[in-house]
Novice: 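One structure follows; several queries about it will come next.
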Amino acid sequence: MNSDEARAEIERVVSPLAQEPIEVKINGKDYTVDPAKAGLSLNVDGTVKDLTSYVVNPVKLYERLAGDYEVIPELNVDQQKLSEQIEALAKKANAEVTEGKIEFADGAAKLSKPVDGVVLDNEAAIEKFSEDWSIAGPPIELPAEVVKPQISSDTLQKFYDDQVKSLLKGDVELVSGDKKASLSPASIAAAASYAPKDGAPALTLDDKKLYKAATSNSDLSSTAKDAKIVLKGGKPSIQASTKGISLETEGLGAKVLAASATENRTAEVKMTEKEADFTTAEAKKLGIKEPIVDFSTPYPASDTVRTKNLKAGAARVTGVVVKPGERFSAA
């Protein structure tokens with residue numbers, strides 16, 4: 001081909017390839033760059049000159065005669081436009097490092113995987129583009145600083161699969177002598193929290209939340225009796241509290257966590273002497289001396305449905321103490 005024929009063929013075949021999006025990789029993620037916006041284009045005239053110019057080198061003459069002659073296409077690079085596109089690419093690729101999370105809600109656990117922190121090296125990326133861009137070539141790996149999370153994705157996933165799923169796969173039974181109580185996965189999840197410890201994933205179960213769940217209408221419920229303030233002859237009177245035995249709270253979370261990893265999912269617990277939640281001394285300290293209001297309403301005794309409702313409502317409010325700063329609702 002002469003120069004004109006070569007130029008026409010290059011514009012027909014090679015120029016469209018030079019206009020296709022350029023594939024790049026940043027920390028393993030794929031992106032594309034528009035060569036026109038980045039100021040990257042094929043220099044047709046320079047490429048034709050390399051192909052058709054006069055040469056006296058016998059090796060190159062032989063290559064041309066044999067049909068094996070190759071040249072690297074001449075490429076145009078607009079540094080200003082390329083710099084602007086690298087900055088735009090950085091806005092997409094850059095990210096703060098994000099630690100993975102395990103959250104508990106509604107009796108289940110949810111895993112959020114960690115994300116690497118990435119900062120594209122803009123100057124090095126511009127240089128890399130200028131040197132490595134080739135028409136229809138392989139993706140360009142751009143240099144970036146990568147900040148890894150404290151706990152890797154693989155480590156956190158394994159912890160989740162091995163320990164978190166095991167924690168919530170069924171009830172954990174608490175046993176103290178002949179007394180028993182079961183903690184459901186929902187109760188365990190409500191007491192669970194995740195936080196790395198010493199660079200490794202870790203779970204914690206809240207002792208008090210587990211105690212409340214385990215002692216609600218069960219064999220392990222406290223036998224201590226709260227003090228009561230009742231009306232006798234129209235005046236407040238205190239019924240004394242009594243001590244009892246109750247589930248030992250301290251270390252309960254660790255015991256349940258250990259039991260969840262065993263086949264029988266059973267934890268041995270202790271019952272210890274316990275004061276009432278509302279003691280006689282606390283009742284006296286309130287200083288309740290007289291009723292401040294009363295209310296009555298007449299109704300026909302024959303209205304049995306209304307009678308039942310009034311009794312049920314009265315039972316819900318009788319003996320309730322509303323302390324300073326508290327709000328009362330019978331709902």
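Values reported hereafter were calculated over all heavy atoms of this structure, with side chains retained and with hydrogens, waters and symmetry mates removed.
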Novice: Check this for me: Lys25, atom NZ, are more than 12 non-hydrogen atoms of other residues, nucleotides or ligands nearer than 6.0 Å?
Specialist: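 Count over threshold, so yes.
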Novice: Does anything in residues 98-119 pair up under side chain to side chain donor-acceptor pair (under 3.5 Å), and if so which pairs, sequence neighbours excluded?
Specialist: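 Listed once each, the pairs are Asn27-Asp116, Asp116-Lys148.
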Novice: Other than Ile238, what residues sit in its cluster of Ile, Leu, Val, Met, Phe, Trp and Tyr side chains whose heavy atoms are under 4.5 Å apart, directly or through others?
Specialist: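 Hydrophobic cluster check, Ile238: joined to Ile229, Phe278, Leu286, Ile288, Val321.
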Novice: Backbone N or O of Arg265 within a donor-acceptor pair of the Ser260 side chain at under 3.5 Å?
Specialist: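 No.
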Novice: Taking Ser221 for its side chain and Ser218 for its backbone only, find out whether a donor-acceptor pair lies under 3.5 Å.
Specialist: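 A pair under 3.5 Å: yes.
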Novice: Are the side chain of Ser216 and the backbone of Lys212 linked by a donor-acceptor contact shorter than 3.5 Å?
Specialist: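 No: the side chain of Ser216 does not pair with the backbone of Lys212.
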Novice: Applying salt bridge (Lys or Arg N to Asp or Glu O under 4.0 Å) as the test, list every pair that has at least one member in residues 182-193; sequence neighbours left out.
Specialist: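 Counting only pairs at least two positions apart or across chains, no salt bridge (Lys or Arg N to Asp or Glu O under 4.0 Å) contact touches residues 182-193.
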Novice: If we only count heavy atoms from C-beta on, is the Val24 to Leu89 side-chain gap below 4.5 Å?
Specialist: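 Result yes, sub-4.5 Å side-chain heavy-atom pair found.
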Novice: Tell me the salt bridge (Lys or Arg N to Asp or Glu O under 4.0 Å) pairs involving residues 160-177, sequence neighbours left out?
Specialist: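 Listed by first then second residue: Lys158-Asp162, Asp161-Lys165.
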Novice: Asp219: what forms a salt bridge (Lys or Arg N to Asp or Glu O under 4.0 Å) with it, not counting sequence neighbours?
Specialist: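 Residues passing salt bridge (Lys or Arg N to Asp or Glu O under 4.0 Å) with Asp219: none at all.
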Novice: What pair of heavy atoms forms the shortest contact from Trp133 to Asn76, and how long is it?
Specialist: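 So the minimum-distance heavy-atom pair works out to CZ3-O, 4.4 Å.
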Novice: Suppose clustering is done on Ile, Leu, Val, Met, Phe, Trp and Tyr with side-chain heavy atoms closer than 4.5 Å. Which residues sit in the same group as Val119?
Specialist: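 Besides Val119, the cluster holds no residue at all.
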